[in-house]
Amino acid sequence: MYYSTGNYEAFARPRKPEGVDRKSAWFVGAGLASMSSALFMIRDGQLPGERITILERLPLPGGALDGIKKPEKGFVIRGGREMEDHMECLWDAFRTVPSLEIEGASVLDEFYWLNKDDPNYSLCRVTEQQGQDAHTNNLFGLNDTAQKDIVRIFLATREEMERKRIDEVFSKDFLESNFWLYWRTMFAFEEWHSALEMKLYLHRFVHHIGGLPDLSALKFTKYNQYESLVLPMYRWLLDQGVTFHFDTQVTDIDFSIDGDEPDAPKRATRIHWVQGGVEGGVDLGEDDLVLATIGGLTENSDEGDQRTPAKLDESPAAGWALWQNIAAKHPSFGRPEVFCGDIQKTKWESATVTTLDARIPEHIRRIAKRDPFSGRVVTGGIVTARDSAWLMSWTVNRQPHFKQQPADQIVVWVYGLFVDVPGDYTGKTLQESTGEEITREWLYHLGVPAEEIDELAAEAATCVPVMMPYVTSFFMPRAAGDRPDVVPAGAENFAFIGQFAETTRDCIFTTEYSVRTGMEAAYRLLGVDRGVPEVFGSTYDVRWLLNATSRLRDGAEVELPGPKFLRERLFAKLDGTEIGELLTDYALIPERGATTKRERTDDAIE
């Protein structure tokens with residue numbers, strides 16, 4: 001397997017790998033990583049679909065990519081997925097999956113057209129004082145100290161950031177900036193999370209720094225992630241003959257390991273499962289492949305309802321127990337306790353609010369500055385109440401968010417980063433709140449008059465809270481070796497996929513990461529002779545770096561040290577040069593002589 005970029009590799013069809021017709025593939029978990037990996041095996045590896053089996057503990061596919069209507073409760077979305085142009089592996093997969101709504105189009109076509117016609121951006125990213133626009137004015141508010149923090153972390157080695165927390169490497173100046181408010185609420189970072197992961201995010205999304213304040217960097221699906229992404233891929237896989245076994249919990253995998261060396265030959269020999277309460281499994285032959293999703297951000301999720309809080313379930317979690325059993329067999333299989341060992345630092349809670357009449361949507365309209373019933377972008381991503389004790393954020397995506405959703409209802413997703421702090425209106429923590437109480441707190445920060453809040457929360461909405469003990473587990477401070485490689489050294493017939501498998505340069509908590517690990521595993525195990533698209537190289541592109549520098553300075557020119565006459569001499573030397581033009585185009589130095597700011601129509605930098 002190798003990485004590539006450009007149309008030469010992207011459009012070429014790989015030859016059929018030798019011996020592929022004898023292979024069979026077993027997938028543990030039916031999340032996006034497994035399903036996309038199966039797709040790549042069929043499309044690029046030319047493995048017949050009927051030779052692929054996917055084992056899933058839940059009664060439906062999708063893993064964390066969910067969206068469902070529950071009887072007696074209402075609509076439930078545990079989280080949302082923010083996507084962008086350069087999720088190279090994700091779009092490589094979905095160009096193959098037919099749209100369920102547009103004949104002759106792929107899911108990628110459908111998504112591309114939707115976001116061209118209705119581009120995403122926010123008209124009110126931050127509120128305060130009960131629904132008032134905080135007027136952050138798309139500014140980052142980074143002083144010199146905070147800017148230096150970012151540069152220092154950006155230039156640091158990965159090893160320097162291992163095992164460190166964000167609040168150990170960033171100053172108070174940075175942690176009090178608008179930048180950190182935008183960043184932490186968009187990606188769900190806490191101050192005690194991994195400085196290494198923060199660094200990887202900065203590199204991965206440096207091309208989207210300018211779109212961070214108004215969320216114009218993001219793109220969203222038409223409906224919830226299950227109906228827009230999971231269901232089309234699931235149906236395509238069924239059409240190819242793939243077998244899904246639901247309500248099947250894989251409990252362990254046996255391995256044959258020849259020696260103690262890190263690269264000793266290793267083979268998966270048996271999969272153990274429990275199906276319908278009965279223990280079973282399958283012995284793996286010479287041509288059987290195993291691709292296992294390990295860990296899980298939504299493991300042990302618990303739903304409350306309008307009258308009942310969601311519970312914090314600290315009992316053994318199936319996905320983590322599987323990884324713990326596997327990890328005990330060899331050091332190269334990772335250290336799951338690094339990620340799942342401190343629930344108090346990995347939990348937070350979300351809630352799905354469904355409005356039942358026109359009263360609450362009028363308050364949404366006031367803040368979003370858009371009609372929530374238009375079918376187009378509404379909030380354009382999350383709105384954060386920065387003075388919320390819970391650090392509450394909420395979003396209204398295009399409506400209807402579910403195909404079965406009544407036309408007069410709006411589905412809202414709400415989450416809070418601080419689940420153990422008393423609320424500003426209810427005085428209760430998020431963790432101990434019922435759906436109705438969460439709605440009250442949200443309405444308070446929406447700016448609903450106090451005398452109307454309780455009535456609207458009780459009569460004009462239903463709310464389903466969900467507590468997720470491990471939702472930010474992959475952000476825990478870590479070091480090399482804590483996550484196993486997608487295909488560990490010496491592995492002959494198995495791979496680890498999903499958010500807790502290690503691959504180069506990309507960052508977790510994205511759909512792209514799941515698909516990338518699945519693609520790499522499929523290509524390596526089958527010997528597919530086609531390049532896996534490399535992570536978008538904006539971190540190595542001087543244009544994107546200059547653009548990000550200008551935006552991080554809120555458009556201010558760079559102040560060079562030293563006497564004025566030396567600065568003038570330097571600017572004179574740059575006048576009329578390629579470097580001078582670049583620095584002027586991105587407003588980092590003043591216009592001078594023939595070097596004036598140009599519209600950059602000759603490249604792809606916005």
Do the rings of [X] and [Y] sit parallel, tilted or perpendicular, given the 30° and 60° boundaries?
| X | Y | result |
| --- | --- | --- |
| Phe187 | Phe189 | perpendicular |
| Tyr523 | Phe40 | perpendicular |
| Trp320 | Tyr470 | tilted |

Using ring centroids (six-membered ring only for Trp), state whether [Y] and [X] fall under 6.0 Å.
| X | Y | result |
| --- | --- | --- |
| Tyr223 | Phe402 | no |
| Phe509 | Phe475 | yes |
| Trp413 | Trp394 | no |
| Trp91 | Tyr112 | no |
| Tyr234 | Phe244 | yes |

Please indicate whether Arg524 has more than 12 foreign heavy atoms, meaning atoms of other residues, nucleotides or ligands, lying under 6.0 Å from its CZ.
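Atom CZ in Arg524 is not crowded, with 12 or fewer foreign heavy atoms closer than 6.0 Å.
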
Taking the basic N atoms (NZ, or NE/NH1/NH2) and the acidic carboxylate oxygens, is any pair closer than 4.0 Å for Arg43 and Asp92?
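Here Arg43 pairs with Asp92 in a salt bridge, since their nearest N and O are under 4.0 Å apart.
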
Would Arg530 pass as a cation-pi partner of Tyr3, given that its NZ or CZ must be under 6.0 Å from the six-membered ring centre and within 45 degrees of the axis?
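Judged by the rule (NZ or CZ under 6.0 Å from the ring centre, within 45° of its axis), Arg530 is not positioned above Tyr3.
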
ring-ring contact (aromatic ring centres under 6.0 Å, His included) assessment of Phe333 paired with Phe496:
CA-CA 9 Å; Phe333 295 168; Phe496 300 116; 5.5 Å; yes

Between Glu191 and Lys345, does the salt bridge (Lys or Arg N to Asp or Glu O under 4.0 Å) criterion hold? Intermediate values first, please.
CA-CA 10 Å; Glu191 293 180 9; Lys345 288 190 170 73; over 6 Å; no

4.5 Å side-chain heavy-atom contact, Phe373 and Ile410
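Answer yes - side chains close enough.
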
Can you name the closest pair of heavy atoms from Pro465 and Ser433 and give their distance?
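Heavy-atom minimum between the residues: CG-O, 4.5 Å.
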
